[in-house]
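To find a chain, count down the sequence lines: A is the first, B the second, and so on, and within it residues start at 1. This structure is a prediction, so every number in the text was calculated from the model and none was measured.
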Amino acid sequence: MSKLLKEEIISVEKATEGIYRMTVASDYISANAEPGQFVNIKCCEGVQTLLRRPVSICSTDRAKGRYDLYFQVKGAGTKILAGKKSGDFIDILGPLGRSFDLDIGYRRIAVVGGGIGIFPLLFLLNESKAVVKRSYLGFRSSGYIVLQEEFRQKSNSLEIATDDGSYGMKGFVTDMLERDILSEEFDMIYACGPTPMLKKVTEIAKKHNVRCQISLEQRMGCGFGACLTCACETRTEEGGSQFVRVCADGPVFNSEDVIFQ
Amino acid sequence: MSKLLKEEIISVEKATEGIYRMTVASDYISANAEPGQFVNIKCCEGVQTLLRRPVSICSTDRAKGRYDLYFQVKGAGTKILAGKKSGDFIDILGPLGRSFDLDIGYRRIAVVGGGIGIFPLLFLLNESKAVVKRSYLGFRSSGYIVLQEEFRQKSNSLEIATDDGSYGMKGFVTDMLERDILSEEFDMIYACGPTPMLKKVTEIAKKHNVRCQISLEQRMGCGFGACLTCACETRTEEGGSQFVRVCADGPVFNSEDVIFQ
Amino acid sequence: MSNIDLSVDICGIKMKNPVIAASGTFGFGREHAGYVDLNRIGGISVKGLTLEPRAGNKPPRVAETPAGMLNSVGLQNPGVRSFIREEIPFLRQYSTAIIANIAGNTTEEYCEMAEILSDADIDAVELNVSCPNVKAGCVAFGNTPQGIAEITSLVRKYCNKPLIVKLTPNVTSIADIAKAAEDAGADALSLINTLLGMAIDIETRRPILANNTGGLSGPAVKPVAVRMVYEVCQTVKIPVIGMGGIFSGKDAVEFMLAGASAVMVGTACLVYPDACIKVCEGIEEYMRRHGFERTADITGKLVLNT
Amino acid sequence: MSNIDLSVDICGIKMKNPVIAASGTFGFGREHAGYVDLNRIGGISVKGLTLEPRAGNKPPRVAETPAGMLNSVGLQNPGVRSFIREEIPFLRQYSTAIIANIAGNTTEEYCEMAEILSDADIDAVELNVSCPNVKAGCVAFGNTPQGIAEITSLVRKYCNKPLIVKLTPNVTSIADIAKAAEDAGADALSLINTLLGMAIDIETRRPILANNTGGLSGPAVKPVAVRMVYEVCQTVKIPVIGMGGIFSGKDAVEFMLAGASAVMVGTACLVYPDACIKVCEGIEEYMRRHGFERTADITGKLVLNT
Ligand SMILES: Cc1cc2nc3c(=O)[nH]c(=O)nc-3n(C[C@H](O)[C@H](O)[C@H](O)COP(=O)(O)OP(=O)(O)OC[C@H]3O[C@@H](n4cnc5c(N)ncnc54)[C@H](O)[C@@H]3O)c2cc1C
Ligand SMILES: Cc1cc2nc3c(=O)[nH]c(=O)nc-3n(C[C@H](O)[C@H](O)[C@H](O)COP(=O)(O)OP(=O)(O)OC[C@H]3O[C@@H](n4cnc5c(N)ncnc54)[C@H](O)[C@@H]3O)c2cc1C
Ligand SMILES: Cc1cc2nc3c(=O)[nH]c(=O)nc-3n(C[C@H](O)[C@H](O)[C@H](O)COP(=O)(O)O)c2cc1C
Ligand SMILES: Cc1cc2nc3c(=O)[nH]c(=O)nc-3n(C[C@H](O)[C@H](O)[C@H](O)COP(=O)(O)O)c2cc1C
Ligand code: FES
Ligand code: FES
């Protein structure tokens, strides 16, 4: 169950160019959050940014009662967040949304992340009981790489692709997935990142008949299921289609259910 | 001439309940400002407060290239200002407006201030070459008194009235003026404060035929004379009336020119 | 100690306070129930209903604008019958007024819905004749005095519940439209619905909303909404429910002084799930500070400058 | 290095860039000249002129609202003759287009002003038929296609300068009004004027503005303005000048993509005396980044979502 909380910021630090880590104190969220869930933040009192901003939970420290968010500075909201200081309080709604399915039957998993989509996957790796965990991450170029060490530690292998080849493999992260999918015999693929990437991952998983969950982004009015603005088209059991809510019915979906525009 | 400036804040400190002093670094304003002038501040980037907020210049330190503002926290704009930190930059337009007439012929002067209207009068006392300077200040109650020491130092006498009698005389500051006006033979009365006070001072000055300048407040769109929103009704030479601009034709007016609503 | 009575009776809709959740921003109350006690809310205008279920528009359906938001949900809803079956029993667990907000493509659809709802356990029907986010029907009715008179008088025949007609602000004279609705039998009016707007992503050179245009709501529209509520209250005798950008008790009091008997809170419910409660507390605080005991003491008590 | 050409020719008004100071927010340029080089501004639409000098409304005349402001200046101005005598010589020192914004109480007044201005050294006349802050005349003309057609065709006869008709947003269908103005002989259209609004001081229980209502401008209105500019540009063939909440080059580009050939900057000029220059630089930066060379490359280049 999500709650409306005023939480204290422990620290805000630059992780890499344009990306910040915010550590927030919260017994409630650190105890209750599950991988794939997000929080919805009112970046300021007043109207400078009116709506909340959704940010995925990247890791939790239950013992210390805190959790980490990683966010990229994009517009007014994330700019305000990046300017917050230790000791400031922020207005947070969370944890929100449907989390990844971490069935213990999934013994061999792949996580496929692109850009700012990698953050919920770190939390997932932390919580997953799988035996083999392979991480495939894609970035625009070497300057955008974050959390490399953390992903390396939390998985059995980490491979990075960059669009411009400035680090790791040059090309798409999905190329690496495609290369390994036969040999690795994954029970489950988890993916989060830009839509073209998710579409490709979905195709690969389908072709090889591997279970796959993807986490989607959509512009949100409320983040908790009330306004129906965050629509995503999915297949119905009757073979038709319907709009469901990314914030409440997702953000994590079984890839086969999603109809990409 | 006023300029559009980005100036560094040296300090923001609480002066008394709800009132803050902000010291700002500025060679330009400290060198050019005259008593009665104000600055117009964009309290934040963006739309949380859209228009600038006018604040009187309370004192300047030309040697150090800095000046002081005193402001009361009233709404969103002044709340943001109160939260500023040393080292922050603010977007300031100034110095603006017509200043008090400090003719050296005015040898005996009275300053009459009410509430947040006292601030420009301190600057005036600093700059005036008068031989006798009497200060009469009025506040709601003792908790609102600020700058008492400064006014005492800069004038030959200081008397304070409070509405509730919790400090000094109980009653209106104008009662003290009325009491002294005959004996003191002022050459000029300078007043700034709430409209009823200014109206009363104007009447007293008129009755006793003493020169009087008053500084007015009005809601402002621009603060530099372009939008005509800050209207004040004044007498024309032909005996009619006209709307003039508080920001550019004032805020200081000869009291006899002003038509109170 | 407190003898402040916040209750209101708007054309027979009895509410414990004058704060109603605005249609489309509160779903059917289920989500908000996780954050606030629905018993403390005067009433809930549910998500706009249509005769048949509607899928709504393609996403993106929301764009933030300066102090406001555009939405183009397009009346996604499960249909009026499913509402009666699935949602009323849930809502009736709480003591809060239920207002069924309805929209149709044709006058027949409106009438059929009104008829169906006449047997349902609801407190009022709110006629949405001004949804800017659907192509056919709906919006057209609300744009002219003739249109609104026609739909109101027809629906009136089929509707045995108090009938609130919701007005669009996208018109030259909202007072004329209000008058037409009153004359045609509306029991109350609610306003404003959203202002039609557009936001463009200059990088892709496309409108942000998949639907291209959407309805503007939030604090940005408040001055327009207050003005319209004032104009309408000067023109009609039936009660008026005011809305548009209400985020605080102070905002609500502006509408009430302008003449509103109750208020609706929309966008604020998305940002703050507990917005209705906060607005209500703010009204009460204002009344206490000024020594008012009944909401009628503030409704319409604006004094014009001369 | 740069081969970006920002110049525009709007129905014969030649400007070095498409950024014009909006009427009422730039006076006659004197105050802003202390902060910026007026030579760098495409054009200046001067404070609204009337036949005889006008004192304007009582203060307060401005109220801040969420992301916007209300004003009720009420056309305070020295009259058209004084403008010609005192202000044109000052403005003509600079190389910037001079647009005379005029408002009248009667059609005769409009025509007389247009005639007087035909001999003046100005670049265009902008017909303000939509000022919400004066009681008589003016506003009434702009509210109906008939009204706008009548005033436009009459003034057209007396006006030998390019004639811009400025449209009010307080109407049901701005496209219909735009079409009527075009058919009646307008050379260009400018929009939007302010939205009618009200703000209430709940402590005094009076409207903040002495005039009770005022015109809403600033970022809050931008989505409405962009939508209206888009609608009008889909309807008429004459050039359109877009405005409403432009504070940055990005905002201006939204209007241009929606179809505007030039933009006006109003409220921003009050907050930032150098706003026109900043907006212009922002447009140029956008064009450079996207490889556009002429403003015509962006005007109307919006691609609708389907
Ligand atoms: C479920 C979910 C989880 C997310 N997790 C993260 C994360 O962990 N780290 C991170 O850096 N970003 C994350 N995002 C994206 C993040 O929400 C946006 O970058 C952010 O809202 C931009 O706000 P802004 O004010 O800085 O930008 P602006 O562009 O000024 O925002 C304007 C409006 O558009 C919306 N918007 C803009 N971009 C997006 C987007 N990509 N998705 C949804 N709404 C958007 C904003 O919420 C706001 O309403 C997530 C988005 C979703 C939906
Ligand atoms: C020439 C001049 C000099 C001033 N000098 C000082 C000073 O030295 N110290 C000080 O504390 N205050 C001073 N004031 C008053 C100060 O400008 C207001 O208190 C301030 O603008 C309130 O802004 P806010 O956002 O906190 O309040 P809000 O009430 O939220 O402001 C809303 C709007 O109303 C306007 N407004 C509200 N009160 C006033 C007011 N009294 N005068 C003009 N506009 C107002 C604001 O500027 C803003 O546009 C001065 C005003 C003027 C005109
Ligand atoms: C996401 C969203 C959906 C809406 N859906 C409806 C609707 O279905 N029916 C309706 O009458 N109004 C609908 N509205 C309009 C609101 O009920 C209200 O009239 C408007 O938002 C103005 O109030 P506000 O500024 O408080 O949001 C919707 C508004 C929003 C923001
Ligand atoms: C203080 C003020 C005075 C105005 N006076 C006039 C006027 O005299 N004539 C006119 O046509 N428009 C006038 N306007 C409207 C503006 O020209 C413009 O249409 C409107 O403000 C919207 O643009 P903005 O949001 O950029 O301010 C005035 C606006 C303001 C804020
Ligand atoms: S954002 Fe409101 S329902 Fe998802
Ligand atoms: S505030 Fe604009 S002219 Fe004075």
Side-chain angles (χ1 to χ4, degrees), chain B residues 1-6 40-54 74-78 91-97 195 216-234 236 238 240-250 258-261, chain D residues 21-36 47-48 53-78 133 199 201 208-210 214 217-220 222 245 247-248 266-275 278:
Chain B
M1 214 196 67
S2 103
K3 283 196 181 179
L4 187 56
L5 303 160
K6 288 252 191 268
N40 211 5
I41 308 176
K42 181 77 175 108
C43 301
C44 61
E45 278 182 56
V47 302
Q48 172 62 10
T49 56
L50 188 69
L51 302 173
R52 291 173 181 271
R53 300 295 190 257
K74 217 187 134 188
T78 46
D91 178 341
I92 281 190
L93 205 60
L96 293 162
T195 308
L216 301 182
E217 280 190 9
Q218 188 48 273
R219 287 176 188 263
M220 294 183 173
C222 69
F224 58 96
C227 72
L228 309 183
T229 56
C230 60
C232 157
E233 200 168 4
T234 59
T236 59
E238 301 81 38
S241 78
Q242 65 185 351
F243 284 121
V244 298
R245 301 162 303 178
V246 170
C247 71
D249 305 310
V258 174
I259 302 172
F260 291 95
Q261 302 287 328
Chain D
S23 176
T25 63
F26 213 80
F28 300 106
R30 290 183 189 271
E31 290 76 17
H32 283 81
Y35 303 95
V36 293
K47 175 64 199 163
R54 268 185 76 101
N57 293 325
K58 274 197 230 167
R61 294 177 176 180
V62 59
E64 185 169 301
T65 64
M69 63 177 276
L70 292 169
N71 90 81
S72 59
V73 171
L75 289 177
Q76 175 176 342
N77 82 95
N133 295 323
D201 180 337
I208 293 179
L209 300 176
S217 62
K222 194 180 68 166
F247 268 62
S248 69
T267 304
C269 289
L270 306 184
V271 182
Y272 302 107
D274 59 354
K278 288 289 158 62

Under 3.5 Å, sequence neighbours excluded: what are the donor-acceptor pairs made by side chains of residues 223-233 of chain B?
| residue | atom | partner | partner atom | Å |
| --- | --- | --- | --- | --- |
| B/Thr229 | OG1 | B/Gly221 | N | 2.9 |
| B/Glu233 | OE2 | B/Ser241 | OG | 2.9 |

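- We find the SG-CE distance between B/Cys222 and D/Met69 to be 9.0 Å, quoted to the nearest 0.5 Å.
- Annotation: maximal heavy-atom pairing with chain D below 4.5 Å, among B/Asp91, B/Val246, B/Val47, B/Leu51, occurs at B/Leu51.
- In this structure, chain D has a heavy atom under 4.5 Å from the backbone of B/Lys3, while its side chain stays farther away.
- Of the inter-residue distances, the one linking D/Tyr272 atom OH with B/Leu4 atom CG reads 9.0 Å to the nearest 0.5 angstrom.
- The shortest non-hydrogen separation linking B/Phe243 to D/Pro59 is CE2-CD, 3.6 Å.
- Within the structure, the salt bridge (Lys or Arg N to Asp or Glu O under 4.0 Å) test picks out the following pairs touching residues 56-74 of chain D (sequence neighbours left out): B/Arg53-D/Glu64.
- Heavy atoms of B/Gln218 lying under 4.5 Å from chain D belong exclusively to its side chain.
- Within the 4.5 angstrom heavy-atom criterion, only side-chain atoms of D/Phe247, from C-beta onward, approach chain B.
- For CD of B/Gln261, the number of neighbouring non-hydrogen atoms (other residues, nucleotides, ligands) closer than 6.0 Å is greater than 12.
- When every heavy atom of D/Gly34 is checked against every heavy atom of B/Met1, the shortest pair comes out as O-CE, 4.2 Å.
- With a 4.5 angstrom heavy-atom cutoff, D/Thr65 does not touch chain B via any of its atoms.
- Heavy atoms of B/Asn40 lying under 4.5 Å from chain D are absent altogether.
- Of the inter-residue distances, the one linking B/Arg52 atom CZ with D/Leu270 atom CG reads 10.5 Å to the nearest 0.5 angstrom.
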